[in-house]
Peer 1: 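Got a structure for you, questions after.
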Amino acid sequence: MPLKCGLCDKQAILKRPKTGDALCKECFFLAFEEEVHQTITDANLFIKGETVAIGASGGKDSTVLAYVMKALNERYAYNLNLVLLSVDEGITGYRDDSLESVKRNEIQYCLPLKIVSYELYGWTMDAIVKQIGLKNNCTFCGVFRRQALDRGALMLKVDKIVTGHNADDIAETVIMNVLRGDIGRLRRCTAITTGTDGALPRCKPFKYTYEKEIVMYAYFKKLDYFSTECIYSPNAYRGFARAYIKDLEKIRPSAIIDIIHSGESLSVKKEVKMPVQGVCVRCGYISSNTVCKACVLLEGLNKGRPRLGIGKTHKERLKMAEDLNEKGDSSINSQNFFENGQLDSFSEQSSQSGLSCCRSTTAGCSCQTSEICNDTAGIHSSVDQQKINSLAIDF
Amino acid sequence: MCSVQEDDNDVPFSKVRPNESIGRTCMKCQEKAVLITRVNDAFCRSCFMVYITHKFRATIGKTKLVRDGEMVLIALSGGPSSSALLHLIQEGLSERTHKKLRFRPGLIFIDEGAAVNLPSSERLNNCEKMLDTMRSTGFPCCIKALEQGFDIDNIPELTSPSGTCCPGSQVEKDLGTIDHDTESISSDISTATSSVTLNMSECSISSSMEEPCSNSREAIAVSSLSRVESSFQKYEEAEEKLRCLLKSLNSVSAQEDLIRSIRHKILSEVATTCGYSKVMLGSCGTRLAVTLLTDMAIGRGGQAAVDTVFADKRYKNLMFLRPLREFSSKEIGMYNALNDVESFFIPTLTTKGSDGASIEHLTEAFVTGLQRDYPSTVSNIMRTGEKLSTGAEEESKEYCAMCQSSLDTNVVASSALNAVQFSQRISNRAADSDSIIDKSNKTGECCGEGDGGCNTTRTRVTKQQVLASLCYGCRLAIRKIDDVEKLPLYVLKDVFWRVRREKMKSEIEEFLLDTS
């Protein structure tokens with residue numbers, strides 16, 4: 001006997017992964033959208049008239065997010081000015097394809113699109129992987145993407161960024177942080193809005209939305225998205241947490257939300273010292289260290305020591321100090337660095353990054369472009385200086 | 001799509017392949033090593049014993065919580081950890097020890113055979129073995145059955161901070177109940193073989209505990225048939241109740257959760273009635289890491305710290321201590337092997353089950369699997385737990401009627417709890433009737449079941465009322481229950497008491513001044 005929809009007596013075509021209720025297509029769409037709306041209003045995510053950038057990767061989460069945000073913006077008159085914002089990591093055969101899908105979304109949803117490229121750092125992921133290999137490349141990608149998204153948002157002068165992180169992602173992060181003993185992030189990771197102090201606020205309207213339901217929604221709405229795994233191997237450790245969450249979901253579907261509840265109801269001992277959020281002395285970006293991770297990673301790359309920001313930093317710095325001592329005077333040393341042709345590649349890349357910024361589709365970014373290029377140039381000159389007394393930097 | 005986030009970089013280091021373990025010398029004394037504890041630390045036998053004993057005593061000593069001559073109840077399960085705990089305590093109390101432990105232990109074993117449908121002969125066998133072990137120590141000891149939790153019917157003192165509702169007479173009555181229970185199990189066992197007895201040994205123990213002991217001996221001696229039969233029936237009834245409740249939960253994870261809660265209730269009940277102020281649990285670090293992660297997964301994040309900390313102070317006049325929390329299961333195993341400590345295998349709900357048999361079972365497989373490749377896993381998880389607040393410092397007013405931890409259901413609008421409730425409401429018309437939230441707060445005048453029992457003096461409470469008195473995790477556990485009357489009496493009574501208080505409060509509400 002066909003199951004009836006629990007809401008309207010039509011024939012049900014799916015069982016909600018989140019609650020187990022049988023629903024028809026229309027009622028599922030409604031329930032899905034209403035839940036996101038409820039999340040948005042409960043947390044007061046937006047203020048009327050704000051410009052909001054939707055972090056769009058071309059994947060299912062961000063495609064559905066863009067679609068739902070646009071629908072809700074019209075239905076409930078949020079009066080938001082929505083734009084799509086994408087980051088081009090420069091991964092041939094992966095990101096270029098997914099960006100095509102974002103570009104189609106731009107047309108389908110009539111939302112303006114802006115693409116920022118990693119070339120704003122003077123690098124592409126392809127080039128980084130050539131340097132670091134397949135083992136730790138995700139570290140670079142994750143750190144750079146976050147900053148790139150913020151920089152893009154600054155160029156677009158938006159008030160907020162929304163990302164497609166779903167309930168599964170958040171539950172996974174909670175478990176990851178428990179496994180790593182990272183109390184600072186454990187406390188932060190369940191917040192629906194982050195970066196309220198100074199930096200651009202980022203919110204997650206899908207915080208309570210199951211990944212499976214997002215796929216269902218995209219499937220029944222026949223939304224156009226890109227679903228291929230990154231060609232560079234993903235972080236294995238996160239994979240364990242992910243598998244654990246999926247297994248839990250099989251045993252008890254509510255486990256994902258239950259973990260988020262657990263994360264929300266944690267309280268940290270008063271005497272535990274929490275990392276203080278400051279700003280990076282080099283790029284002014286928020287950071288809990290004097291120099292932010294992106295700057296450390298970038299410096300490592302530019303110095304031909306890509307492992308500088310990975311794992312135990314002090315080890316790599318010691319090695320670098322030894323090398324410097326061996327080679328004697330530090331000024332000669334800085335010459336050495338330039339001799340291997342890196343300087344040329346810098347200037348080449350920064351001119352490219354200028355180009356890529358101009359190429360971006362949104363008008364009004366060109367004024368920001370020069371700033372970003374100067375910024376990268378600024379980093380280069382400071383890199384130059386650092387080379388002279390690299391040991392004096394306190395990471 | 002790529003799910004890597006910017007903070008993914010610092011992950012634990014994976015295992016460095018251990019060097020050859022043969023022909024190693026002890027890292028302390030250069031004697032021939034017999035084992036490797038963690039990563040690459042080789043020990044000889046005597047250095048290992050010193051290391052374990054020191055760690056055990058330091059864990060107890062550094063908190064200065066256990067005072068000289070204090071009565072401490074040791075909870076034994078028969079498993080390796082609690083057997084090691086017992087052995088460590090015996091060693092620590094023996095004359096030849098340099099610095100003797102100075103507390104007075106009593107032992108308890110809770111037979112949970114009813115929960116896993118063990119045949120009574122096997123349960124009896126387990127009880128006998130445990131009793132032999134416990135008796136051989138010379139410490140006072142007792143055996144309880146899990147189903148006896150159903151007959152505990154007092155309102156725990158801590159849920160009524162005012163203390164006015166627990167007059168002395170009630171406490172006395174409770175003592176009576178416990179006595180009766182101890183008697184009933186002993187007589188039940190005696191029906192089968194007449195060999196097992198509940199032994200409160202000669203060591204001095206509070207007067208309240210001596211009585212049942214003499215009673216039960218008498219029961220064995222006289223073996224009055226009618227009396228034994230009536231006790232047996234009562235005991236069977238409770239067993240049936242337990243089975244019925246567990247069955248109605250419809251999920252092994254929920255069953256495990258409930259068993260844990262009833263077990264704690266029995267321990268605290270025995271401890272308080274017999275004058276113990278501390279209960280020691282044998283959970284080792286590996287076990288606690290699993291508990292912490294399981295807690296996260298079953299919505300008990302707020303209690304994860306309390307469940308894994310050394311001193312669990314959630315009960316008012318009683319403390320649960322976990323002196324083995326610094327040990328890994330491997331260290332326990334090696335200690336037991338080197339000292340010929342015997343442990344028993346007693347099946348649980350998930351014995352022989354697949355990894356997916358329950359959330360706890362899955363978590364155990366997950367943690368131990370990770371630990372194999374990343375040896376810092378357990379200590380990382382424990383380190384997380386140590387930084388979490390146990391909530392002991394803040395005076396929370398409300399407690400869960402089932403697990404006694406502070407209620408975590410008073411949340412802001414934007415929260416997982418509200419999101420779940422909204423989802424249930426929006427995708428199911430009928431959900432309103434049994435949804436978790438209940439703002440209408442019916443006051444127990446009608447149970448809505450039309451059996452006429454509503455206005456009698458019997459304590460009938462609705463599912464909504466029960467759920468409102470429970471924490472998120474306990475709500476999850478009994479979500480599928482068809483009739484809340486199946487819950488243990490102590491839970492129902494507590495809920496009923498709350499409902500009554502709430503009603504009283506609403507009657508006088510207009511005269512109450514806002515003190516905040």
Side-chain angles (χ1 to χ4, degrees), chain A residues 6-7 16 18-19 21 23 31 34-35 38-39 42-43 57 59-61 138-139 141-143 145-146 169 173-175 178-181 183 185-186 192 208 227 230 234-235 237-238 240 242 244 247-248 250-252 254-255 257-270 272 310, chain B residues 1-13 251 253 292-293 295-302 304-305 355-356 358-359 362-363 366 370 374 377 379-381 383-384 386-389 391 393 408 411 413-420 422-424 426-431 472-473 476:
Chain A
L7 294 174
R16 284 195 73 179
K18 195 172 178 182
T19 62
D21 297 314
L23 292 181
E34 285 303 303
E35 276 177 32
Q38 188 72 20
T39 310
D42 275 349
S57 64
K60 59 180 186 320
D61 297 319
C138 291
T139 306
C141 201
V143 172
R145 180 167 42 217
R146 188 194 161 88
D169 293 334
T173 311
V174 170
I175 297 297
V178 171
L179 292 179
R180 296 191 299 199
I183 198 79
R185 289 203 178 99
L186 182 59
I192 190 158
Y208 301 117
S227 61
C230 178
N235 184 321
Y237 201 74
R238 182 172 274 275
F240 297 134
R242 170 152 291 241
Y244 174 60
D247 291 343
L248 277 179
K250 270 180 226 147
I251 299 176
R252 182 187 275 174
S254 74
I257 292 272
D258 299 340
I259 292 175
I260 301 179
H261 171 81
S262 288
E264 283 173 350
S265 49
L266 291 178
S267 57
V268 177
K269 271 186 190 159
K270 284 187 195 82
V272 172
I310 292 170
Chain B
M1 267 289 123
C2 175
S3 60
V4 170
Q5 298 185 11
E6 54 120 18
D7 51 14
D8 270 8
N9 36 52
D10 22 74
V11 296
F13 292 103
S251 130
S253 310
L292 194 140
L293 214 57
D295 274 353
M296 295 298 294
I298 58 175
R300 293 187 183 276
D355 281 356
S358 80
I359 292 182
L362 172 73
T363 310
F366 175 64
L370 262 187
Y374 299 85
T377 303
S379 57
N380 274 350
I381 298 175
R383 208 175 63 208
T384 312
E386 271 155 28
K387 291 176 194 153
L388 296 176
S389 163
E393 48 266 34
D408 52 358
V411 290
S414 169
S415 62
L417 181 59
N418 283 336
V420 171
F422 185 79
S423 300
Q424 281 164 350
I426 199 158
S427 58
N428 191 350
R429 268 179 308 195
Y472 187 96
L476 263 180

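Just so you know, these numbers come straight off a predicted model, no measurement behind them. Just so it is clear: chains get the letters A, B, ... in the order the sequence lines come, proteins before strands, and each one is counted from 1. Side chains are part of it too, since the values below use all heavy atoms of this structure and drop only hydrogens, waters and symmetry mates.
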Peer 1: Most heavy-atom pairs under 4.5 angstrom with chain A, which of B/Ser423, B/Gly473, B/Gly301, B/Ala419?
Peer 2: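 Max contact count across the listed options: B/Ser423.
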Peer 1: With a 4.5 Å limit on heavy-atom distance, are the side chains of A/Tyr237 and B/Leu370 in contact?
Peer 2: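 A side-chain contact exists here, since the closest heavy-atom pair is under 4.5 Å.
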Peer 1: Pick one: which of B/Leu476, B/Ile298, B/Val420 meets side chain to side chain contact (heavy atoms under 4.5 Å, CB included) with A/Ser254?
Peer 2: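 That would be B/Leu476.
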Peer 1: Chain A heavy atoms under 4.5 Å from B/Arg300: which part of the residue, side chain, backbone, both or neither?
Peer 2: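 When you check distances to chain A, only backbone atoms of B/Arg300 fall under 4.5 Å.
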Peer 1: Any donor-acceptor pair under 3.5 Å linking the side-chain atoms of B/Tyr472 with those of A/Asp258?
Peer 2: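 Yes, a side-chain donor-acceptor pair sits under 3.5 Å.
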Peer 1: Measure from the side-chain N and O atoms of B/Arg383 to the backbone N and O of A/Arg180, and report whether any donor-acceptor pair falls under 3.5 Å.
Peer 2: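 Confirmed, B/Arg383 side chain pairs with A/Arg180 backbone.
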Peer 1: Does a donor on one side chain and an acceptor on the other come within less than 3.5 Å for B/Ser389 and A/Lys269?
Peer 2: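 There is no such pair (donor and acceptor under 3.5 Å, judged by atom type) between the side chains of B/Ser389 and A/Lys269.
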Peer 1: Can you classify the ring geometry of B/Tyr374 versus A/Phe240 as parallel (below 30°), tilted (30 to 60°) or perpendicular (above 60°)?
Peer 2: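 Ring orientation of B/Tyr374 relative to A/Phe240: perpendicular.
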Peer 1: How close do B/Phe422 and A/Glu34 get, counting heavy atoms only, and between which atoms?
Peer 2: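 Answer, listing the atom of B/Phe422 first, then A/Glu34: CE2-O, 3.6 Å.
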Peer 1: Please list, chain by chain and in numerical order, all residues satisfying salt bridge (Lys or Arg N to Asp or Glu O under 4.0 Å) with A/Asp247, sequence neighbours excluded.
Peer 2: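 In terms of salt bridge (Lys or Arg N to Asp or Glu O under 4.0 Å), with neighbours along the sequence ignored, A/Asp247 is linked to A/Lys250.
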Peer 1: Quiz question: by atom type and distance under 3.5 Å, do the side chains of B/Ser427 and A/Asp21 form a donor-acceptor pair?
Peer 2: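 Note: B/Ser427 and A/Asp21 side chains meet the donor-acceptor criterion.
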Peer 1: Shorter than 4.5 Å, heavy atoms on both sides: which option in B/Ser253, B/Ser415, B/Gly356 has the most such pairs with chain A?
Peer 2: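 Option with the top pair count is B/Ser415.
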Peer 1: Given heavy-atom pairs under 4.5 angstrom as the criterion, report whether the side chain, backbone, both or neither of A/Ile257 touches chain B.
Peer 2: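 Backbone plus side chain of A/Ile257, per the 4.5 Å heavy-atom cut-off to chain B.
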Peer 1: So, the side chain of A/Glu264 versus the backbone of B/Ala416: is there a donor-acceptor pair under 3.5 Å, distance only?
Peer 2: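 Pair found, side chain donor or acceptor close to backbone of B/Ala416.
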Peer 1: Looking at B/Asp408, B/Ile381, B/Leu362, which makes the most heavy-atom pairs under 4.5 Å with chain A?
Peer 2: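 Option with the greatest count: B/Leu362.
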Peer 1: When you measure from the side chain of B/Lys387 to the backbone of A/Gly181, do you find a donor-acceptor pair of N or O atoms at a distance under 3.5 Å?
Peer 2: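 Pair found, side chain donor or acceptor close to backbone of A/Gly181.
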Peer 1: Heavy-atom distances under 4.5 Å only: say whether B/Ser251 touches chain A with side chain, backbone, both or neither.
Peer 2: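 The side chain, not the backbone.
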Peer 1: Pick from B/Thr377, B/Thr363, B/Val411: which one has the most heavy-atom pairs with chain A under 4.5 Å?
Peer 2: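 Winner by heavy-atom pair count: B/Thr363.
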Peer 1: Using every non-hydrogen atom in the two residues, find where A/Ser262 and B/Asp295 come nearest and quote the distance to one decimal.
Peer 2: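 So the minimum-distance heavy-atom pair works out to OG-O, 3.5 Å.
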Peer 1: Quick one: of A/Val178, A/Leu186, A/Thr39, who has the most non-hydrogen atom pairs under 4.5 Å with chain B?
Peer 2: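 Looking at each option in turn, the highest pair count goes to A/Val178.
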Peer 1: Check each atom of A/Tyr208 against the heavy atoms of chain B and say whether the ones under 4.5 Å are side chain, backbone, both or neither.
Peer 2: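 Contact with chain B: side chain only.
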Peer 1: If we define contacts as heavy-atom pairs under 4.5 Å, which of A/Thr19, A/Ile251, A/Val272 has the most with chain B?
Peer 2: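 It is A/Ile251.
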Peer 1: At a heavy-atom separation under 4.5 Å, does A/Leu179 approach chain B through its side chain, its backbone, both, or neither?
Peer 2: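 A/Leu179 touches chain B through backbone and side-chain heavy atoms alike.
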Peer 1: Taking side chain as everything from C-beta outward and backbone as N, CA, C, O, which of these in A/Leu7 sits under 4.5 Å from a heavy atom of chain B? Side chain, backbone, both or neither.
Peer 2: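 Both the backbone and the side chain of A/Leu7 come within 4.5 Å of chain B.
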Peer 1: For chain B, which candidate among A/Ile183, A/Val174, A/Ile260 shows the most heavy-atom pairs at distances under 4.5 Å?
Peer 2: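 Ranked by contacts with chain B, first place is A/Ile183.
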